[in-house]
Amino acid sequence: MINFYLNNNVIENVKVVLFDKDGTFLDDNIYWGKLAECRIKEIIRHFNLNDNLFEELCLAIGHNPNTCKLIKNGPVGVMSRNEVIEFMVNELLKYNINTDFETISEIFNKVHSEFLSNMEKYVKFIPYSEEFIRKLKQTDLKLAVVTSDTYDHTVEILKILNIDDCFEVVIGKDNCTKDKKTGEPALIALKKLNVNTDETIVIGDALMDYLMCKNANLKASILVATGQTDIEDLQKCTNLVVNNLSEVTVENAD
C-alpha cells in the first residue's frame, strides 16, 4: 500500500491509480491542437472556403492557433468526437454551408488517418508527468489508464511515449457502454485488476475525472491543473488539486 501527500493532505493505503490521459500526462494542447488545425484546413479545402477563415474556425472549434492552446470550453478536448462533429455542422451554417454529420465525420476520419502517420511529432509528455508515472511504477501500485479516447489510439500513444509497460490495464471509450463520468469505465478497470474501490484513486485534469471517482465510489481523486480546466474550477470539486504532478509525493504505508 502507498500513501499520497499533497497540499497538507494525505490519501492513505492506496493500491491502484487510474490515470486519465489527455491533459494529465499527454500534452493535449500539442496533440489535439495540431489535429484541430488539420481538420479545419481540410474543411476549408473541401468546401472551398476562404483561407482567411482558418483562425476563425480554429477558435470556434476550441483551439487558438496563435497561442497553440486549447480553449477552456472546447468543444475540442471537452466534448466527445460526435459532439464536435455536430458542433461543426452547425457552425458551418454561419457560412452558408449546409452539410451533415456523415460528411464532417468522413472529413475527420480522412484527416485522422493522415495525421496518424506523423503523430509521433505531436505526442509529448506534460512536464513532470513522465517522472511521476515511472516513480509510481517502481512501487507495488497497480496502474491503469481510463480515457475517453479509443483503446487502440491510447495504446499507440502509450507506445510512442514508451510507457506502455507501466500500465496493466487500458480502458477506452470503446470498452464501455457509458461515458467516464458515470463511473462505469473505472469499475471495468477494477474488475480486470481484481481490486476494490476503496483501494483506488483517480488522477485526472477535469470534472469528469472527479465524477468518475465519485460515481464509482472510489477512494479519492487528485485533479491536476495541466489540462483545459482552470485550477479555480477544479478546486470547486475537491481540495485535492495541484498545479502539476511534481506537487504530489508518495511513500510506502507503514
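On a predicted model such as this, the values are computed, not experimentally measured, just so you know.
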**Student:** When you measure from the side chain of Asn196 to the backbone N and O of Glu199, does any donor-acceptor pair fall under 3.5 Å?
**Tutor:**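 No: the side chain of Asn196 does not pair with the backbone of Glu199.
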
**Student:** Taking the six-membered ring for Trp and the single ring otherwise, decide whether the centroids of Tyr31 and Phe115 are under 6.0 Å apart.
**Tutor:**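 So the answer is yes for these two rings.
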
**Student:** Ignoring hydrogens, what is the shortest heavy-atom contact between Lys173 and Ser148? Give both atom names and the distance.
**Tutor:**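 In terms of heavy atoms, the two residues are closest at CD-O, 3.0 Å.
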
**Student:** With a 4.5 Å heavy-atom cut-off, do Asp140 and Ile2 have their side chains touching?
**Tutor:**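 They are in contact (side-chain heavy atoms under 4.5 Å apart), so the answer is yes.
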
**Student:** Does the side chain to side chain donor-acceptor pair (under 3.5 Å) test come out yes or no for Tyr95 and Glu56, once each step is laid out?
**Tutor:** CA-CA 11 Å; Tyr95 305 93; Glu56 186 175 329; 2.5 Å; yes

**Student:** Please round to the nearest 0.5 Å and tell me the distance separating atom CG of Leu234 and atom CG of Asn239.
**Tutor:**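 Between atom CG of Leu234 and atom CG of Asn239 there are 12.5 Å.
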
**Student:** Indicate whether any N or O donor in one side chain lies under 3.5 Å from an N or O acceptor in the other, for Asn243 and Glu247.
**Tutor:**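 Yes, a side-chain donor-acceptor pair sits under 3.5 Å.
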
**Student:** Quick one: are Val224 and Thr24 in side-chain contact, heavy atoms under 4.5 Å?
**Tutor:**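 Yes - at least one pair of side-chain heavy atoms lies under 4.5 Å apart.
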
**Student:** Hey, is the main chain of Ile71 close enough, under 3.5 Å, to the side chain of Gln228 for a donor-acceptor pair?
**Tutor:**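 Yes; at least one donor-acceptor contact below 3.5 Å.
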
**Student:** Evaluate the side chain to side chain donor-acceptor pair (under 3.5 Å) criterion for residues Thr150 and Asp152: first the C-alpha distance (whole Å), next the side-chain angles of each, then the deciding distance (0.1 Å), finally the verdict.
**Tutor:** CA-CA 6 Å; Thr150 63; Asp152 287 345; over 6 Å; no

**Student:** Within this structure, what is the OG1-CD distance for the pair Thr139 and Glu251, rounded to the nearest 0.5 Å?
**Tutor:**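 Answer for the OG1-CD pair, Thr139 versus Glu251, is 12.5 Å.
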
**Student:** Between Ile97 and Leu93, is there a side-chain heavy-atom distance shorter than 4.5 Å?
**Tutor:**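 Counting from C-beta outward, Leu93 and Ile97 never come under 4.5 Å.
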
**Student:** Should the ring pair Phe25 and Phe125 be called parallel, tilted or perpendicular, given that the plane angle runs from 0 to 90° and is split at 30 and 60?
**Tutor:**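 Ring orientation of Phe25 relative to Phe125: tilted.
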
**Student:** Establish whether Ile203 and Ile231 are linked, either directly or via other cluster members, by ILVMFWY side-chain heavy-atom contacts under 4.5 Å.
**Tutor:**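 No, Ile203 does not connect to Ile231 through the hydrophobic network.
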
**Student:** Quick one: are Gln235 and Asp230 in side-chain contact, heavy atoms under 4.5 Å?
**Tutor:**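 Not touching, per the 4.5 Å side-chain cut-off.
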
**Student:** Quick one: are Tyr5 and Val248 in side-chain contact, heavy atoms under 4.5 Å?
**Tutor:**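 Side chain of Tyr5 against side chain of Val248, heavy atoms only: no contact under 4.5 Å found.
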
**Student:** Is the shortest heavy-atom distance from the side chain of Asn3 to the side chain of Ile11 under 4.5 Å?
**Tutor:**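 Asn3 does not reach Ile11 side chain to side chain.
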
**Student:** Does a donor on one side chain and an acceptor on the other come within less than 3.5 Å for Asn66 and Glu55?
**Tutor:**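 Side-chain D/A pair, Asn66 to Glu55: present.
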
**Student:** Got a second to check how far Asp209's CG is from Thr238's OG1, nearest 0.5 Å?
**Tutor:**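 It comes to 12.0 Å.
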
**Student:** Take atom CG in Asn194; do more than 12 heavy atoms of anything else shown fall under 6.0 Å from it?
**Tutor:**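 No - once you tally the heavy atoms of other residues, nucleotides and ligands closer than 6.0 Å, there are 12 at most.
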
**Student:** Counting C-beta onward and ignoring hydrogens, is there a side-chain heavy-atom pair between His112 and Leu35 closer than 4.5 Å?
**Tutor:**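 In short, these two side chains touch, coming nearer than 4.5 Å.
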
**Student:** Establish, for the pair Lys41 and Phe54, whether the NZ or CZ atom is under 6.0 angstrom from the six-membered ring centre and no further than 45 degrees off its axis.
**Tutor:**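 Yes; both conditions hold, so Lys41 lies above the ring face of Phe54.
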
**Student:** Among Thr154, Asp149, Asp205, find the residue that satisfies the side chain to side chain donor-acceptor pair (under 3.5 Å) test when tested with Lys21.
**Tutor:**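 Only match with Lys21 under side chain to side chain donor-acceptor pair (under 3.5 Å): Asp149.
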
**Student:** Is the shortest heavy-atom distance from the side chain of Phe19 to the side chain of Val202 under 4.5 Å?
**Tutor:**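 No, every pair of side-chain atoms sits at 4.5 Å or beyond.
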
**Student:** Take atom NZ in Lys121; do more than 12 heavy atoms of anything else shown fall under 6.0 Å from it?
**Tutor:**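 Not buried by this count: 12 neighbours or fewer within 6.0 Å.
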
**Student:** Are Ile85 and Trp32 connected into the same hydrophobic cluster when the rule is that any two of I, L, V, M, F, W, Y join if their side-chain heavy atoms are below 4.5 Å apart?
**Tutor:**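 As far as the 4.5 Å side-chain criterion goes, Ile85 and Trp32 are connected within one cluster.
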
**Student:** Atom CG in Asp233, atom NZ in Lys72: separation rounded to 0.5 Å?
**Tutor:**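 Reported value, rounded in 0.5 Å steps: 4.0 Å.
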
**Student:** Kindly indicate whether a cation-pi arrangement holds for Arg39 with Phe108, taking the cut-offs as under 6.0 Å to the six-membered ring centre and within 45° of the axis.
**Tutor:**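 Geometry flag: set, cation within 6.0 Å and 45°.
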
**Student:** Honestly curious: do Met208 and Leu223 fall in one hydrophobic cluster under the side-chain, below-4.5 Å linking rule?
**Tutor:**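 Different hydrophobic clusters.
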
**Student:** Just checking Lys219: does its NZ atom have more than 12 heavy atoms from other residues, nucleotides or ligands closer to it than 6.0 angstrom?
**Tutor:**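 Count over threshold, so yes.
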
**Student:** Supply the atom-to-atom distance Leu240 CG to Ile201 CD1, rounded to the nearest 0.5 angstrom.
**Tutor:**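 The CG atom of Leu240 sits 9.0 Å away from the CD1 atom of Ile201.
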
**Student:** Against Ile43, only a single residue in Ile107, Thr99, Ile61, Val111 fulfils side-chain contact (heavy atoms from CB on, under 4.5 Å); can you say which?
**Tutor:**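 When side-chain contact (heavy atoms from CB on, under 4.5 Å) is applied between Ile43 and each of Ile107, Thr99, Ile61, Val111, only Ile107 qualifies.
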
**Student:** For Asp165, I'd like to know if atom CG has over 12 heavy atoms of other residues, nucleotides or ligands within 6.0 Å.
**Tutor:**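 Counting neighbours around CG of Asp165, more than 12 heavy atoms of other residues, nucleotides or ligands fall under 6.0 Å, so yes.
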
**Student:** Heavy atoms only: give me the nearest Glu120-Ser117 pair and the separation to one decimal.
**Tutor:**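 It is OE1-O, 3.8 Å.
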
